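To start, the structure under review is shown below, and the notes come after it.
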Amino acid sequence: MTHYDVAIVGAGPAGMSSAIEISQAGFTALLLDDQPAPGGQIYRSIENAHTDRLDILGPDYAEGKRLVAEFRSSSTTYIPNATVWNVSRDLTLAYTREGVSHGISADALIVASGAIERPTPMPGWTLPGVMTVGALQILLKAHGLLADAVVLVGSGPLIWLLAAQMIKAGAKPSAIVETLPLSHYFKALPKLRFNRPAFSYLKKGLLMMRSVKAAGVPVFLGAQGVAIEGSSRAEAVSFEIRGRMHRLPAETVALHQGIVPNQQITRLLHCDHRWSESQRSFLPVSDCFGETSVANLYIAGDGAGIGGAKVAAMQGRLAALRILEKASAVQNTATSELLAEIEKEISIRPFLEELYLPSAEIRDPKENTIVCRCEEITAGEVRASLASGVPGPNQIKSLLRTGMGPCQGRFCGLALSEIAAQYLGKTPASVGYYRIRAPLKPLRLTELANMGEAEVPQAPVKQELQK
Amino acid sequence: MIATADLLIVGGGLHGCSAALNAAIRGLSVIVLEKDTVGRHASGVNGGGVRRLGRHLAEIPISNRSMEIWRRINELVDDDCGFQPAPQIRVIEHEQDLEAQSQRSAEVRALGFYHEVMLDQQELRSYLPAVAPHCVGALASLDDGFALPFRTTFAFKRKAQQLGVQFYEETIALTITREGQGWKVSCAGGQSFSGRYLLNSAGAWAGEFARQAGDKAPVEAVAPMMLVTQRMPHFCDAVVGAAGRPLSFKQMPNGTVVVGGGTRGKAFPESNITEMSFNELRRSAQTAIDIFPIMSKANVVRSWSGIEALMPDRVPVIGPSSREENLFHAFGFSEHGFQMAPAVGEIMAELIANGTTDAAIEPFSIARFG
């Protein structure tokens with residue numbers, strides 16, 4: 001088993017930035033990423049993007065080129081196409097690549113595995129032809145693919161960004177159906193802070209909205225009771241606005257309700273998590289440098305709480321500098337500068353979080369709506385099990401098999417915590433979240449059996465479990 | 001706050017719930033104290049084997065008694081607990097192991113029990129068409145089965161509740177002390193409970209309560225591991241083990257395959273955490289593939305482990321305290337307590353309500369540890 005000073009999971013802005021910092025200091029850094037090329041979701045396929053695609057995707061995307069180039073030229077051991085399927089509390093981890101599993105160990109680990117899209121249980125969301133806005137954007141970034149007759153449904157900045165990008169690419173969406181109550185706009189305004197980063201985010205947002213308007217894309221605001229209709233695949237989106245029913249034909253429906261931290265690794269490691277009311281999600285608890293409740297395990301980027309690409313890059317550097325600081329026992333003034341910069345950069349978040357807070361309807365789906373896609377369990381079945389006295393997500397999982405499928409709760413975990421909290425009149429914090437178990441992604445049984453003796457961690461725990 | 005009942009039970013696993021239900025049926029008022037939630041540990045996450053095959057000889061009468069209850073489990077708890085009758089088959093891979101297994105079956109028969117039978121290669125194949133060609137025979141108990149562990153524990157709890165048993169979950173018992181003829185249990189946060197009788201069914205955490213009463217109980221907290229695959233085409237109707245190497249293998253009605261047996265992760269009972277050892281699980285994976293070649297197509301989706309109580313002689317503690325009156329123990333069932341729980345709960349309730357039982361529990365006395 002190869003040992004590294006620092007192992008990093010995820011090659012987005014946070015992971016790349018931390019790897020650059022670590023390797024520059026002469027420490028050994030390993031970066032594992034499940035994609036074929038660096039960039040993460042935000043800069044997906046950036047190295048292959050030519051002028052026209054860069055033009056479509058815009059300057060924020062193009063910015064990734066510089067970071068990826070710098071990362072490539074660093075001395076980091078970079079292993080692409082590597083899916084991490086287990087991490088132990090002694091900071092050994094196992095990953096699979098081309099059908100073979102390997103193990104590595106490290107003195108410190110930076111989890112930079114980013115965000116996932118919030119689960120969006122609603123009638124018809126499991127029909128063929130329904131995807132997420134994030135997935136649609138990845139098709140555009142990675143393959144230049146665009147779908148026809150797309151209706152974008154939900155809420156969040158990504159909807160407007162993708163719409164603007166699609167328009168630029170000449171495949172404008174057939175409509176945008178925004179599900180956030182109009183009151184959110186008024187509630188959010190007082191949270192706006194007028195500084196340079198906030199102003200620049202706001203300007204970008206307004207420009208995206210203007211390009212949508214200018215292209216003549218119909219926009220429906222304040223939609224309620226959204227359902228995707230169709231017998232064998234998505235055919236239409238129906239919804240209600242102020243008592244009036246609408247029905248839009250659609251071949252492809254792309255759903256989005258914002259993004260939330262990908263908790264799989266920090267949950268697997270039993271890190272402490274807290275509930276963020278404003279982000280409506282669980283966040284791993286960490287100090288200001290990103291160190292979690294498990295010693296020498298750091299979290300950086302959107303996985304620590306949604307902050308966007310710029311914040312992610314700074315958090316990646318920050319975690320790296322902190323690790324170096326601890327290793328060399330020499331204070332680094334750059335950390336306090338970074339902290340101040342992050343503070344400024346995230347000042348837009350309270351406004352965005354208030355504006356795009358998922359509506360009550362999304363958080364509390366109708367009885368017949370499927371919540372767990374893998375096992376096809378409805379919200380009604382979940383509530384019935386709660387009525388019979390089970391106390392929370394893990395017991396619902398034991399009883400109904402929710403979250404036991406191949407996705408390991410990525411598509412239903414948050415929805416289930418919300419439903420249980422709502423039903424029991426408790427907070428999501430008190431009902432909790434699924435316990436996550438390895439392998440984090442499905443693994444061939446033969447691959448496990450064939451794993452070399454030397455690749456597997458032998459001594460389960462070598463250091464103090466909790467700080 | 002002080003609450004009182006005839007019987008206090010520390011530990012809301014299946015054994016605690018089963019004893020609570022059976023005591024309530026006999027008219028006792030019961031309080032169950034559970035430090036986490038009911039069925040959180042071994043009871044909720046075990047392999048679910050309803051197995052008589054291969055038991056310690058002293059356990060066979062209780063196991064048989066339990067089997068009778070399993071067959072009508074619905075009448076007892078108003079839920080079928082996902083119980084499926086199925087053969088339990090211990091596959092023999094090598095000719096030279098046939099003799100030992102056949103001797104075992106003879107030993108069981110000599111005691112007057114006839115559930116363990118030898119299968120020749122052809123019979124084995126008729127029960128397990130997907131078994132690897134090198135397997136030469138098996139020892140089997142054909143009328144055993146499996147059930148869903150959490151659902152079972154929850155069903156026992158719910159039925160007990162309907163009969164008036166009070167469950168205090170997230171209530172951490174700290175000390176047990178004598179109070180006249182009876183017992184007082186003091187919990188974290190200042191709550192205390194008193195009752196005439198006390199049952200210690202605290203599983204991996206039971207040793208401390210036994211110690212406080214002066215009983216010696218070298219309980220080890222262990223974490224047996226299991227893994228489960230994605231759904232596969234139906235190929236196995238039995239619960240399968242292996243002679244000569246550890247294995248517990250079954251295909252669930254939904255097609256997923258659960259593989260475990262004999263491998264252990266690391267248990268941290270003080271923090272409720274278990275950590276998997278994939279080095280160990282590798283062997284389970286290899287054994288499963290060797291015995292069922294179709295498993296080379298399987299994908300693992302999850303592994304898990306619960307914290308269980310293991311005694312040094314691998315036999316549970318069932319019976320009264322050797323030191324103190326009105327104190328009883330039922331723990332130390334790692335990897336073999338699920339099937340026994342319906343009968344053990346009945347036996348504990350008899351012991352507590354009537355002061356006596358006709359079950360042969362002497363081999364399980366806590367006094368054996370001095």
Side-chain angles (χ1 to χ4, degrees), chain A residues 85-90 92-94 101 103 268-270 294 374-375 385 388-392 394-401 403-409 430 432 434-461 465-466, chain B residues 36-40 44-45 79 82 148-151 153-155 157-158 161 167 169-170 223 226-231 252 254 256-257 259 265-266 268 270-290 292 295-305:
Chain A
W85 59 262
N86 188 39
V87 186
S88 301
R89 290 160 71 89
D90 61 352
T92 55
L93 57 80
S101 279
L268 174 68
L269 288 165
H270 307 277
V294 173
C374 302
E375 299 288 331
S385 76
S388 77
V390 299
N394 284 297
Q395 293 79 12
I396 296 168
K397 174 179 167 184
S398 294
L399 215 52
L400 298 181
R401 301 189 51 80
M404 281 196 181
C407 93
Q408 276 247 31
S430 68
Y434 292 140
R435 283 187 285 279
I436 298 300
R437 301 297 204 170
L440 293 170
K441 297 274 173 68
L443 180 74
R444 288 292 285 263
L445 190 67
T446 47
E447 192 175 326
L448 177 58
N450 295 338
M451 212 171 157
E453 184 93 30
E455 298 294 342
V456 191
Q458 299 293 316
V461 171
L465 284 177
Q466 298 280 335
Chain B
D36 297 299
T37 52
V38 164
R40 162 74 173 84
V45 299
D79 190 304
L148 298 172
F150 183 80
R151 182 160 151 195
T153 309
F154 191 65
K157 177 206 175 188
R158 208 163 32 177
Q161 259 178 329
F167 284 83
E169 295 180 273
E170 289 171 354
M226 267 163 288
L227 52 84
V228 62
T229 70
Q230 273 175 324
R231 291 168 198 226
M252 303 303 287
N254 69 3
T256 59
V257 178
V259 183
K266 206 166 162 67
F268 300 93
E270 62 292 339
S271 57
N272 286 345
I273 287 176
T274 57
E275 187 154 287
M276 307 302 288
S277 162
F278 282 91
N279 191 36
E280 295 284 308
L281 272 177
R282 274 184 328 149
R283 290 191 282 127
S284 302
Q286 191 57 56
T287 307
I289 294 164
D290 289 347
F292 290 104
M295 291 301 288
S296 60
K297 295 185 187 128
N299 285 318
V300 184
V301 289
R302 197 160 24 89
S303 64
W304 74 92
S305 181

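Keep in mind the model is a prediction, meaning the values are calculated, not measured.
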Which pair of non-hydrogen atoms, one from B:Thr37 and one from A:Pro391, has the smallest distance, and what is that distance? CG2-CG, 3.9 Å

Any non-hydrogen side-chain atom of B:Phe154 less than 4.5 Å from a side-chain atom of A:Ser398? no

Pick from A:Thr446, A:Val390, A:Leu443, A:Leu268 with the largest number of heavy-atom pairs that fall under 4.5 Å of chain B: A:Leu443

Is B:Thr256 close to chain A through its backbone or its side chain, or both, or neither, when contacts mean heavy atoms under 4.5 Å? side chain

Show the nearest heavy-atom pair for residues B:Arg231 and A:Cys374, with the distance to one decimal. NH2-O, 4.4 Å

Which of these, B:Val228, B:Leu227, B:Val301, B:Thr274, sits in a side-chain contact (heavy atoms from CB on, under 4.5 Å) with A:Arg437? B:Thr274

NZ/A:Lys441 to CG/B:Asn299 distance, rounded to the nearest 0.5 angstrom? 13.5 Å

Tell me the closest heavy-atom pair linking B:Ile289 and A:Leu445, and the distance in Å. CG1-CD2, 3.8 Å

Please classify the contact of B:Arg158 with chain A as side chain, backbone, both or neither, using a heavy-atom distance under 4.5 Å. side chain

I'd like to check A:Met404 versus B:Asn254 (side-chain heavy atoms, cut-off strictly below 4.5 Å). Are they in contact? no

Does A:Arg89 offer a backbone N or O that forms a donor-acceptor pair with the side chain of B:Glu275 under 3.5 Å? yes

Which atoms of A:Gln395 approach chain B - backbone, side chain, both or neither, heavy atom under 4.5 Å: both

Interchain contact, B:Arg283 with chain A, by part (heavy-atom threshold 4.5 Å): neither

B:Gln286 side chain reached by A:Asn450 side chain, heavy atoms, under 4.5 Å: yes

B:Lys297, part contacting chain A, at a heavy-atom distance under 4.5 Å: backbone

